[in-house]
Amino acid sequence: MKINDVILRTVTKIIVFIILTFGVELFISGHNDPGGGFSGGLVLASALLLLYMTYDIETVHKGIPFDFKKIAGLGVFLAVASSAVPMLFSNQFLTQEKGDFALPVFGLTELSMVLVFEAGVALTVVGVVVTILLTISEDVS
Amino acid sequence: MIQTMLAISVVLFAITIAIAVIRLIIGPSMPDRVIAMDVIGVNLLATIGVVSIIYGTKAYLEVILILGILSFISTIAFSKYIERGVIVERKRDR
């Protein structure tokens with residue numbers, strides 16, 4: 001039976017971008033405000049879950065052709081590698097550096113090495129959560 | 001004055017959530033329970049907003065956004081489970 005879900009599909013096309021924007025904002029503000037890589041990654045994964053629920057798996061994979069297991073592996077590699085780089089300069093593991101840079105548009109901005117680590121955490125969370133959701137929702141029929 | 005009004009509104013939201021919990025427990029059919037959970041989510045959002053006004057802080061506003069997103073997604077998931085029996089489809093049949 002064909003189900004009429006045009007309202008859900010139209011709303012999803014708008015709301016997914018709002019959720020993705022909020023996830024990125026939560027990820028970036030994690031250094032000084034509530035947020036961070038883990039919760040930002042969870043919000044991004046919930047946006048992908050909304051896409052998977054509204055459309056089907058093959059349609060979404062046509063638009064986002066990523067293997068999420070590889071994304072989780074890339075995230076773990078990024079986090080561990082950015083943590084291990086200070087050991088080359090005879091510092092402790094997970095030593096973080098930060099500095100103020102004058103960027104063209106944003107003005108004087110404080111950049112930190114934590115951003116790379118948090119990006120790894122966020123990629124890991126997105127990959128693992130989406131992999132779990134796609135695995136437990138596999139229908140064989 | 002405004003503090004009294006905010007406290008009364010929090011109490012009223014709590015009563016609304018309690019009534020929705022009663023509907024969640026004794027609800028005769030499954031859509032009743034889904035709507036009760038949606039009502040609980042919306043009232044929780046409003047309660048967090050009022051509590052954030054009472055404390056005079058902005059730290060809870062992201063909680064409102066995340067709770068709204070999760071409530072929306074869970075309502076859609078339950079509705080789709082009731083309607084079709086499967087939440088994420090492999091291939092849309094049409």
| field | Residue B:Tyr55 excluded, over 12 heavy atoms near OH under 6.0 Å | value | no

| said: Taking atom CD1 as the centre, does A:Ile7 end up with more than 12 heavy-atom neighbours from other residues, nucleotides or ligands that are less than 6.0 angstrom away? | reply: no

Determine, using the 4.5 Å side-chain heavy-atom cutoff (strictly less than), whether [X] and [Y] are members of one ILVMFWY cluster.
X: B:Val39; Y: B:Val42; value: no
X: B:Met30; Y: B:Ile40; value: yes
X: B:Phe13; Y: B:Leu61; value: yes
X: B:Ile69; Y: A:Phe38; value: yes
X: A:Ile19; Y: B:Val63; value: no

| task | Calculate, to the nearest 0.5 Å, the distance between atoms OG and CD belonging to A:Ser39 and B:Glu62 respectively. | result | 8.5 Å

Minimum side-chain heavy-atom gap [X]-[Y] below 4.5 Å:
X: B:Ile73; Y: A:Leu49; answer: yes
X: A:Leu26; Y: B:Ile66; answer: yes
X: A:Glu25; Y: B:Leu65; answer: no

| remark: Under 4.5 Å to a heavy atom of chain B? For A:Ile15 that would be side chain

What closest approach, in Å, do [X] and [Y] show between heavy atoms, and which atom pair accounts for it?
X: B:Phe72; Y: A:Leu50; value: CE2-CD2, 3.9 Å
X: B:Val88; Y: A:Tyr52; value: CG1-O, 3.8 Å
X: A:Thr54; Y: B:Lys80; value: O-NZ, 4.4 Å

| query | Under a 4.5 Å heavy-atom cut-off, does chain A meet the side chain of B:Ile87, its backbone, both or neither? | reply | both

